[in-house]
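Below is one structure, written out as structure tokens; the observations come after it.
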Amino acid sequence: MIPRLGVNIDHVATLRQQRGESYPSIARAAEAVLKAGADQITIHLREDRRHIQDADVAPVHGWCKKFNRPLNLEIGSHPEIVEIACRHKPEWVCLVPEKREERTTEGGLALEDGPTLARLVKALDQLAQKSPATKVSLFIEASAGTIAQSLKLPVHAVEIHTGDYAKDFLENKPLQKYLDLYARAHAEIKAAGRGFHAGHGLTDQSLVPLLKQGLFEEYNIGHWIVGESVFAGLEHVVAQMSKQLKERV
Ligand code: PXP
């Protein structure tokens with residue numbers, strides 16, 4: 001199995017929002033990512049709109065359609081945001097927990113928490129009613145209890161939160177406990193016929209043990225890709241501008 005690569009381009013929008021300019025263009029980022037062979041684009045429309053804006057969703061989805069690739073729209077369960085997802089009808093919605101004060105999504109959905117579960121059930125119902133062709137994944141931890149809870153919900157896939165794994169990888173800590181959890185979660189999720197995805201905090205290096213294990217069908221990766229892209233492009237862009245200055249003299 002060759003796993004799919006979903007590229008999260010939120011961080012391009014973060015850079016744009018930092019200055020309130022129209023660049024770097026999120027649509028251009030979507031086009032570049034798809035041209036380069038990404039299997040999917042992931043964007044997170046947060047309630048606080050800190051990076052992706054409402055007006056970004058249609059153009060990004062447009063590029064996905066041109067390349068015949070899915071748009072994976074990450075959202076919290078707030079009814080207003082779910083309504084926006086229903087209007088755009090992305091191929092996938094990934095339901096995630098959201099806290100305004102967090103720097104990024106800090107963990108998986110707390111499915112054992114009554115109010116969280118109730119909000120989630122409402123969101124799933126809203127999506128099923130208004131955008132029935134949209135497939136839904138739940139962003140969750142791989143712990144046994146959470147996996148069992150997820151199986152009670154009508155979703156197509158789970159996306160396992162790999163943030164703690166990725167952090168421990170960078171700190172050279174043991175990883176076996178994560179790989180064991182992923183193996184067990186995978187067996188249960190696949191026995192139920194659902195998709196097994198992963199995301200958060202992954203780099204080209206922390207991806208290696210997961211690829212060797214060969215369980216995840218899809219990886220959604222953003223921060224490292226966008227960060228590394230700076231170095232892939234910096235020399236070229238500076239050389240071009242330097243040339244431009246010399247040509248003007
Ligand atoms: N998957 C989910 C559900 C996320 O919330 C994020 C971060 O927005 C990602 C994947 C991508 O994480 P990163 O940007 O750390 O690669």
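Both ligands and their constituent atoms are indexed starting at 1 by order of listing. Keep in mind it's a predicted model, so treat the numbers as computed, not measured.
- Protein heavy atom at the shortest distance from atom 14 (O) of ligand 1 is His223 N, 2.8 Å.
- If you check which protein heavy atom lies closest to atom 2 (C) of ligand 1, you get Glu74 OE2, 3.1 Å.
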Next on the checklist: Determine whether His161 and His200 satisfy the following criterion, ring-ring contact (aromatic ring centres under 6.0 Å, His included), listing intermediate values before the conclusion.
Outcome noted: CA-CA 6 Å; His161 172 242; His200 212 277; 5.3 Å; yes
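- Heavy-atom separations between His161 and ligand 1 are all 4.0 Å or longer.
- Near Gly201, meaning under 4.0 Å from one of its heavy atoms, ligand 1 places the atoms 12 (O), 13 (P), 15 (O), 16 (O).
- Annotation for ligand 1: atoms under 4.0 Å from non-hydrogen atoms of His11 are 14 (O).
- Relative ring orientation between Phe216 and Phe196 is described as parallel, the plane-to-plane angle staying below 30° on a 0-90° scale split at 30° and 60°.
- Annotation: the span from Asn8 atom CG to His51 atom NE2 amounts to 7.0 Å, rounded to 0.5 Å.
- Polar contact with ligand 1: present for Gly222 (N/O pair, distance under 3.5 Å).
- Phe139 counts as a contact of ligand 1, since one of its heavy atoms falls under 4.0 Å from the ligand.
- Under a 3.5 Å cut-off, the side chain of Arg49 and the backbone N or O of Glu47 do form a donor-acceptor pair.
- Closest heavy-atom contact between Ala85 and Val93: CB-CG2, 4.1 Å.
- Listed by number with element, the atoms of ligand 1 under 4.0 Å from a non-hydrogen atom of Asn220 are 10 (C), 11 (C).
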Full working for side chain to side chain contact (heavy atoms under 4.5 Å, CB included) between Lys35 and Phe67: CA-CA 8 Å; Lys35 265 190 187 156; Phe67 279 81; 3.7 Å; yes
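- For the pairing with Glu91, the side chain to side chain donor-acceptor pair (under 3.5 Å) check across His61, Lys65, Gln40 returns one residue only, His61.
- Taking any N or O of His44, backbone or side chain, none lies under 3.5 Å from an N or O belonging to ligand 1.
- Comparing His51, Arg46, Glu159 against atom 1 (N) of ligand 1, the shortest heavy-atom distance belongs to Glu159.
- Which parts of ligand 1 touch Val96 is read off a 4.0 Å heavy-atom cut-off, strictly below it: atoms 3 (C).
- Here the heavy atom of the protein found nearest to atom 12 (O) of ligand 1 is His200 CA, 3.4 Å.
- Shortest contact from atom 8 (O) of ligand 1 to any protein heavy atom: Asn8 ND2, 3.3 Å.
- For the residue pair Thr42 and Asn72, a side-chain donor N or O sits within less than 3.5 Å of a side-chain acceptor on the partner.
- Not counting sequence neighbours, the partners of Tyr178 by the side chain to side chain donor-acceptor pair (under 3.5 Å) test are Asp168.
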